[in-house]
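A, B, ... follow the sequence lines: proteins, then strands. Residue 1 opens every chain.
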There are 2 protein chains.
Amino acid sequence: MANLNSSEDIDYGILDTLVGYKLRRAQVNIFNDFSEHCSRFGITPGLFGVLSIVERNPGLTQTAIANALGNDRSAMVSVVDRLESMNIVERKPSASDRRSHALFLTPHGEIFYKELVAEVLKHEASFTSLLNEGEKPLIIDMLDRIANHKPAKQ
Amino acid sequence: MANLNSSEDIDYGILDTLVGYKLRRAQVNIFNDFSEHCSRFGITPGLFGVLSIVERNPGLTQTAIANALGNDRSAMVSVVDRLESMNIVERKPSASDRRSHALFLTPHGEIFYKELVAEVLKHEASFTSLLNEGEKPLIIDMLDRIANHKPAKQ
DNA sequence: TTAAATTATTTACATTCTTAACAATTTTAA
DNA sequence: TTAAAATTGTTAAGAATGTAAATAATTTAA
């Protein structure tokens with residue numbers, strides 16, 4: 001039975017040639033799967049990014065982490081509040097600058113993060129299996145180029 | 001002078017190996033540039049997607065367009081309202097189904113869309129220049145695989 | 001012909017992102 | 001040394017986006 005107006009019949013026109021559009025569709029799908037995998041941890045992709053930076057760079061300030069992730073520092077407040085309320089991260093007063101907070105994983109956070117990473121790697125493997133030999137480093141390299149491109153203001 | 005805590009000094013750990021994280025960073029950057037290019041048109045990436053589908057598939061219903069773009073049909077209402085208020089798109093009563101609206105570009109919308117596409121292609125060329133021979137079709141193919149991947153629920 | 005499904009729509013809500021402002025503190029420059 | 005400028009975390013407000021549930025009108029299926 002022909003299903004009129006099913007998505008197979010749709011002409012996507014220029015969208016099918018735009019890297020930005022394809023990036024968006026891919027990103028939404030992989031983020032949804034990430035969220036499903038990590039829902040039992042109560043962790044979103046954004047929270048995972050913060051945790052990963054804190055784990056590898058203990059003692060960084062909120063602003064430094066925001067900059068590393070391309071976020072605004074004001075958005076860090078509620079994120080860190082949330083991670084603190086989950087007893088995963090703690091703010092400690094910075095020795096050198098009394099304005100800023102140094103962030104660390106709590107002992108429980110260290111264990112939590114290890115289990116979380118195991119789940120994230122399952123998710124990643126599911127998507128990496130779609131890529132042929134050599135394609136993963138290549139797509140990551142291309143994505144880095146796109147992420148770091150700063151076109152001149154016209 | 002050594003700049004402590006500058007982003008070059010940060011260890012991204014697992015993030016540097018996650019396709020989802022890299023996708024996110026690339027997508028945000030390319031969408032921001034898209035938005036800058038199209039701000040004088042008042043068009044966001046989301047609105048451009050709808051316009052592109054309407055232009056190539058005149059007469060489609062709102063629900064069909066939402067499905068094509070992976071959006072919820074309730075989100076289409078305000079989008080179409082906005083495009084109608086800009087005199088770019090018009091809702092016409094469907095001949096076959098009095099519940100639904102068929103969407104078309106207005107005469108002005110046709111001209112508008114052509115100018116818009118010219119600007120979008122400038123934006124696209126800026127990013128495509130980052131890719132070597134053969135890399136654009138390859139990344140689009142990989143992104144399609146990632147976008148269409150439906151992992152089995154565990 | 002009745003029951004079930006679909007369409008566009010509205011409403012509400014949660015997220016996320018931006019922007020601007022603020023007090024406390026640090027840095028820079030006179 | 002001191003005054004001005006910049007930075008930090010924070011709060012608050014607003015825009016954008018996505019999701020979920022409900023509704024009336026209409027169509028489809030039993």
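A salt bridge links B:D81 and B:R91; the closest N-O separation between the charged side-chain nitrogens and carboxylate oxygens is under 4.0 Å. Using a 4.0 Å cut-off between charged side-chain N and carboxylate O, B:K136 and B:E124 make a salt bridge. Salt bridge absent: B:D33 and B:K122 never bring a charged side-chain N and a carboxylate O closer than 4.0 Å. Here B:D144 does not pair with A:R25 in a salt bridge; the nearest charged N to carboxylate O distance is not below 4.0 Å. Salt-bridge annotation for A:R40 and A:E115: absent, with no side-chain N of the basic residue lying under 4.0 Å from a carboxylate O of the acidic one. Using a 4.0 Å cut-off between charged side-chain N and carboxylate O, B:R145 and A:E135 make a salt bridge.
Each of A:F48, A:F127, A:F41 was scored for a ring pair (Phe, Tyr, Trp, His ring centres under 6.0 Å) with A:F34, with one residue passing: A:F48.
Atom CG in A:N71 sits roughly 10 Å away from atom C1' in C:dT16 (whole-Å rounding). To the nearest angstrom, C1' of D:dA16 lies 13 Å from CG of B:N32. Regarding B:R25, its CZ atom lies at a distance of 14 Å from the C1' atom of C:dC17, rounded to whole Å. The CZ atom of A:R98 sits 16 Å away from the P atom of D:dT10 (whole-angstrom rounding).
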All N/O pairs under 3.5 Å across the protein-nucleotides 6-13 of chain C interface:
residue, atom, partner, partner atom, Å
C:dT6, O2, B:R99, NH1, 2.3
C:dA8, OP1, B:Q62, N, 3.2
C:dA8, OP2, B:T63, N, 3.0
C:dA8, OP2, B:T63, OG1, 2.1
C:dA8, O3', B:H101, ND1, 3.2
C:dA8, N7, B:R73, NE, 3.4
C:dT9, OP1, B:R91, NE, 3.3
C:dT9, OP1, B:H101, ND1, 3.3
C:dT9, OP2, B:Q62, OE1, 2.8
C:dT9, OP2, B:Q62, NE2, 2.8
C:dT9, OP2, B:R91, NH2, 3.0

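When every heavy atom of A:L105 is checked against every heavy atom of A:E90, the shortest pair comes out as O-OE2, 4.3 Å.
Across residues 42-58 of chain B, not one residue has a non-hydrogen atom less than 4.0 Å from an atom of DNA chain D.
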